[in-house]
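Following: one structure in structure tokens, then a few remarks.
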2 protein chains.
Amino acid sequence: MNATATIDLQRASQLLKLLGDPTRLTMMKLLKSHECCVCEFVEIFKMSQPAISQHLRKLRDIELVKEERRGQWIFFSINESHEDYPFIKSILEHLPNQNESITELEVQGLRVCCE
Amino acid sequence: MNATATIDLQRASQLLKLLGDPTRLTMMKLLKSHECCVCEFVEIFKMSQPAISQHLRKLRDIELVKEERRGQWIFFSINESHEDYPFIKSILEHLPNQNESITELEVQGLRVCCE
DNA sequence: TCAGTATATAACTATATGCTTATACACGCA
DNA sequence: TGCGTGTATAAGCATATAGTTATATACTGA
């Protein structure tokens, strides 16, 4: 009957609560198609570095995102292996893509690239 | 390309925030298949009547649910005409159904029926 | 080794949230 | 009309949340 696995309600509400913040939700949508580092988010959201860092920590604490240090920078990316990723993905698919933010960064020469 | 309409990020985060509470999320899942009145929710959630009422008000304020008075009771139901209902629906579909709560009510003779 | 840059963490603060209790309102029925 | 039942609202309180500033940590390159 049910093609997709269901998520425990407690768990689901925890995830939704985390996504119920415009900054974190936008971060997740961005990360779905682009790796980003903290300083890029600071630019995109015009928000202080600690504020960004704390949002990312919440996303990382429940392992929705992964981090990887490359030199000075720490890059964040979506954790597609997350048990509940299909759920997250289905939510993100309803959101408008945020490619403009990335394009804008590139135009301003603020996109971080370390290869 | 995109088969489904997208939702403004601010709007989406507002909806997710509301669903990011286990009581309200469960209410929505229940209401998706059953009309319920306040006193039934009080039974199901073992929560005070004002607490239930306040959760329902939040859901009603953004028109996720409709209410209809029938005699002494006020019945709540999902508002399928809501502009963002497809989004809501896709979320609820990932959740385990809550029919047991309803069955339990019926067994205890607490299911309200006014016809 | 030291300065500069990127990030994390701690401590604090203002506001939001979810409950409680008390009370008001609405309906049905004797 | 008055009482019982169902629901809503108001006010208060404890906790959670999201930001701030200050500071610590980690890496790079001179």
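Note that the coordinates shown come from a computational prediction; the quantities given were computed from them, not determined experimentally.
Remark: side-chain polar atoms of B/Glu40 are paired, donor with acceptor, to backbone N or O of B/Val112 under 3.5 angstrom. B/His82 contributes a side-chain N or O that, together with a main-chain N or O of B/Ile62, makes up a donor-acceptor pair within less than 3.5 Å. B/Arg57 contributes no side-chain N or O that, together with a main-chain N or O of B/Leu59, makes up a donor-acceptor pair within less than 3.5 Å.
Residue pairs meeting the salt bridge (Lys or Arg N to Asp or Glu O under 4.0 Å) criterion with at least one partner in residues 23-38 of chain A, sequence neighbours excluded, are A/Glu35-A/Arg70. Residue pairs meeting the salt bridge (Lys or Arg N to Asp or Glu O under 4.0 Å) criterion with at least one partner in residues 75-92 of chain B, sequence neighbours excluded, are B/Arg11-B/Asp84, B/Lys89-B/Glu93.
Following rounding to the nearest Å, B/Glu67 (CD) and C/dC27 (C1') show an atom-to-atom distance of 15 Å. Computed from coordinates, the A/Arg70 CZ to C/dT7 P distance equals 12 Å when rounded to whole Å. Between the CG atom of B/Leu59 and the P atom of D/dA8 there is a distance of 12 Å, given to the nearest Å. Whole-Å rounding puts the A/Phe45 CZ to D/dG19 C1' distance at 15 Å. The interatomic distance linking A/Glu68 (CD) with D/dC27 (C1') rounds to 15 Å, in whole Å. Computed from coordinates, the A/Leu56 CG to C/dA6 P distance equals 16 Å when rounded to whole Å. Computed from coordinates, the A/Met27 CE to C/dT7 P distance equals 11 Å when rounded to whole Å. Distance, A/Gln14 CD to D/dT17 C1': 15 Å, rounded to whole Å.
Scanning for side-chain contact (heavy atoms from CB on, under 4.5 Å) contacts around B/Glu104 gives B/Gln108, with sequence neighbours left out. Applying the salt bridge (Lys or Arg N to Asp or Glu O under 4.0 Å) test to A/Arg60 and every residue at least two apart in sequence or in another chain returns A/Glu67.
Here A/Phe76 lies in heavy-atom contact (under 4.0 Å) with sugar-phosphate atoms only.
By the 6.0 Å contact criterion, CD on B/Glu106 is enclosed, its count of non-hydrogen atoms from other residues, nucleotides or ligands being greater than 12.
A sub-4.0 Å separation between OP1 or OP2 of C/dT20 and a side-chain N or O of B/Ser48 is present. OP1 or OP2 of D/dA8 has not a single side-chain nitrogen or oxygen of B/Arg57 nearer than 4.0 Å.
The nearest pair of heavy atoms linking B/Arg111 to B/Cys36 is NH1-SG, 3.9 Å.
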Between the protein and nucleotides 4-6 of chain D, list every N/O to N/O distance that falls short of 3.5 Å.
from, atom 1, to, atom 2, distance (Å)
D/dT5, O2, B/Gln72, NE2, 3.1

Mind listing the N/O atom pairs, protein and nucleotides 16-18 of chain C, below 3.5 Å?
from, atom 1, to, atom 2, distance (Å)
C/dT17, OP1, B/Lys17, NZ, 3.2
C/dG18, OP1, B/Asp21, OD2, 3.3
C/dG18, OP1, B/Arg24, NH2, 3.1
C/dG18, OP2, B/Arg24, NH1, 3.2
C/dG18, OP2, B/Lys58, NZ, 2.6

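You won't find any donor-acceptor pair under 3.5 Å spanning the side chain of A/Gln49 and the base of C/dA6, going by distance alone.
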